[in-house]
Amino acid sequence: MDTFTPGILLLFALRIPINQVLLNKYEATSKPVFLKINKIIKNLFYWIVPLVFLGIFYTKWDNIGMLIFVGVIWYLLLVINSSGEYVHNKSLNIARIEGRFSGLRRAYFNMVRQIPVIGKRKKPFRALNGVSLEINTGMFGLLGPNGAGKSTMMRIICGILEQSYGKIWINGMDTQKYREELQGLIGYLPQAFGTYENMSAWEFLDYQAILKGIKDTKTRDERIDYVLKSVHMFERRNDKIGAFSGGMKQRIGIAQILLNLPRILVVDEPTAGLDPRERIRFRNLLVELSRERIVIFSTHIIEDISSSCNQVAVINRGDLKYFGTPGDMVSMGEGFVWQFTIPAKDFDSIADKKLIVHHMRDGENIRVRCLSMDKPQDNAVNVSPHLEDAYLCLLKDFKKQKPNE
Amino acid sequence: MSKTANIKNQLIILIRMIRYNLKIIFANRFIWFLVSAFAFFAFFAIQSVLEGNNIDDGTIYNLLIFPGILLIFYPSAFGIQNDDDSRMLEILFGIPNYRYKVWLVRLIMIYVLIFIIIMFFAGVASVVLYKVNIIEMSYQLMYPIVFMGSMAFMFSTVVKNGNGTAVVMVLIGVALIILSENLERTQWNVF
C-alpha cells in the first residue's frame, strides 16, 4: 500500500508534461482530437484523484464519518471551482441565462460567484493610463463619467492603492517612499464612506482623533470643537450620527478628515445624492477650506466644477482628456455647439444622428441644441458653448478628430 | 507636561478607547450572544445535575467551553464585515501609521472582555455546582477560546465576508467533533 502513494504523486507530476505534449501535437497537426484527449485526461485527474485518495484514507483510517465529511467537502469545492472557471472562461453573463432551469442555474452561478478564492475570479484591467498632472493650492475638480478612473486616481494619491507604474510627488517627495509621513498631510474621504451610526458626532470624532494620534486630551477637545465649528455642526455634536441627514453625514466625514489639519483634502464624489441646497452648502464649505489647502474632489456634476473650481481635469477610460481652468475648458467646445429649430414631425429623423444636448418644444417647432463637428442643418447657427458642452466634446474627442478647427 | 498630567491623559485615552471600541464591536447585538451563551451554560448545567453524574473540574470546563466559543465567535468572525457594512474600512486604512493597530486593539479588548465574562460564568458554576479555582479555570479556558477566535479572525480576513467565515468555522467545528474521539489523546485536541 505504501508504494501506492508515490505512484499517485508520480501520476500528478506526469500531468503537466502530458498536457504540453498533447498541446504541441495539436499545434503541429491542428487536429482537434488531441485537445479532446487532453480535456478527458484533465477531467479524469480532476474528478478521479480525490476518489483514489479517499480510497487510500478508507484503508488507513478507521473513522468512516470523517471520510464522508472529507469526501463531501472535497467534491463540493471541486464543483464550485469548476463552475467558477466555467463562468470565467465563457465570460457568461449570468443575468442573461435562458432556457431550461434558467432560474436555478442563475441562482447557482450567482452563489458560486460570491464565494471568494475558489468561485470568484476577477479580470485585471487598466484603470488609469499615463495621467500626468500638477496640482496647486485651491479647488481641483476631477471630472469624468462613471468608471473613468477617478476613484482609482484618488486612492493612488492617498496611498490606499499602490500604482503599478509611475510616480506621485508631494512637495517633491515621492509618495511611495514617504508614504506614512505624507499620509499625515492628506485627508481622504472615500466615495461610499460611513460612520459608526450608534455613536454621537463628538464621540466618533474623538475616536478618530485618538486613532490619528492626537494624544493630548486638551488639544484633542479643542481640535474637535474647531472642526465641528468649521463644518457648522457644532450645535448637533451630541446627537447620534444615525439620526443625521445625508449632507450632515458628509459634513461629519469632512470634519473627520480635517482632524489632523491636512494640507491636502481628497474627497471622492461628495455631492452625489445630496439635495441642491445641501449640495450648494457643502460645495461652499469645500471652497472655504480650499483657501489654505489643496482640495481635490471628483464629481460628475458639472455645475459643481463651474461654480467652485479653479483647476479641472477631465479623464475618460483612464486617459487624461483635459487639464486646465474651467474658463479655458469652455473653449474646447467652441465651434461644435449648434442651435436650430425644426418642425416637430421631422425631429425623429435627426434624433439618433447628432449628439443632442437638449431640445425644447416651441409651438409647432422644436428648438434643438446639439453637438456636431459639421453643420447639422442649413438653419443651424453656432452658439457659445457651456461647460457641459465642452465636457461632452472632450469625451467625444471632437478636438482631436478635427485639429484644425 | 508634568508626569501626573501625562498619566491622567493616558488614562482618559484608555477609558475612551475602551468605551468607543465596545460601542463599535458589539453594536447592539452582543447582548443576544451573551444571553444565549448564558442560556446554553444554564441548560447544560441543569442537565448535568439532573443526570446525576459525578461533577468535577473537567465537567465545569466542558460546560464553559461552548458558551465561551459562542461569545468569541460573533465579534471575531463578523468584526471586519461590520466595519465594511458601515463603510469604515477605507477610512481606517487612510489613517497614517495606524492601519493594522486598530484591529489589534479591538481583538485584545474582545479577549479581555470574554475573559471577564468567563470568570463570571465560572463563578456562578463554582457557587452552584462544584467549587473550582475561578481564575485558573478561566485562564485555562482562554487557550481554546483565543485560538478559535484568532482562527475565526484570520479566516474573516481571508474570506472577506462574515457569513463565509461563519460557514468555514462551522465546517472546522464539525470536523473537530467528528474527529474528537480520535484526537482526544493527541496534541491536536484543541479543547
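All values derive from a computational prediction rather than experimental measurement.
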Per-residue tally against chain B (heavy atom, under 4.5 Å) across Gly187(A), Gly253(A), Pro190(A) peaks at Pro190(A)
Residues at least two apart in sequence or cross-chain that pass salt bridge (charged side-chain N to carboxylate O under 4.0 Å, His left out) with Lys131(B), listed by chain then number, are none
Here the pair of heavy atoms bringing Val174(B) nearest to Phe69(A) is CG1-CE1, 3.5 Å
Check: Counting heavy atoms not belonging to Phe57(A), are there more than 12 under 6.0 Å from its CZ?
Finding: yes
Okay, Lys215(A) and chain B: the region with an atom under 4.5 Å from a heavy atom over there is both
From the list Ile13(B), Asn6(B), Asn9(B), side chain to side chain contact (heavy atoms under 4.5 Å, CB included) partner of Asp216(A) resolves to Asn9(B)
So, the part of Ile73(A) with a heavy atom under 4.5 Å from chain B: the answer is side chain
Rounding to 0.5 Å, atoms CZ (Arg220(A)) and CD1 (Ile12(B)) come to a distance of 7.5 Å
CG of Leu211(A) to CE of Met17(B), rounded to nearest 0.5 Å, is 5.0 Å
Review point. Would you say Tyr75(A) has more than 12 foreign heavy atoms packed within less than 6.0 Å of its OH?
Key: yes
Notebook entry, point to check: Does Glu203(A) pair with Arg16(B) as a salt bridge, N-O distance under 4.0 Å?
Noted result: no
Sorted by chain and number, sequence neighbours left out, salt bridge (charged side-chain N to carboxylate O under 4.0 Å, His left out) with Asp268(A) holds for none
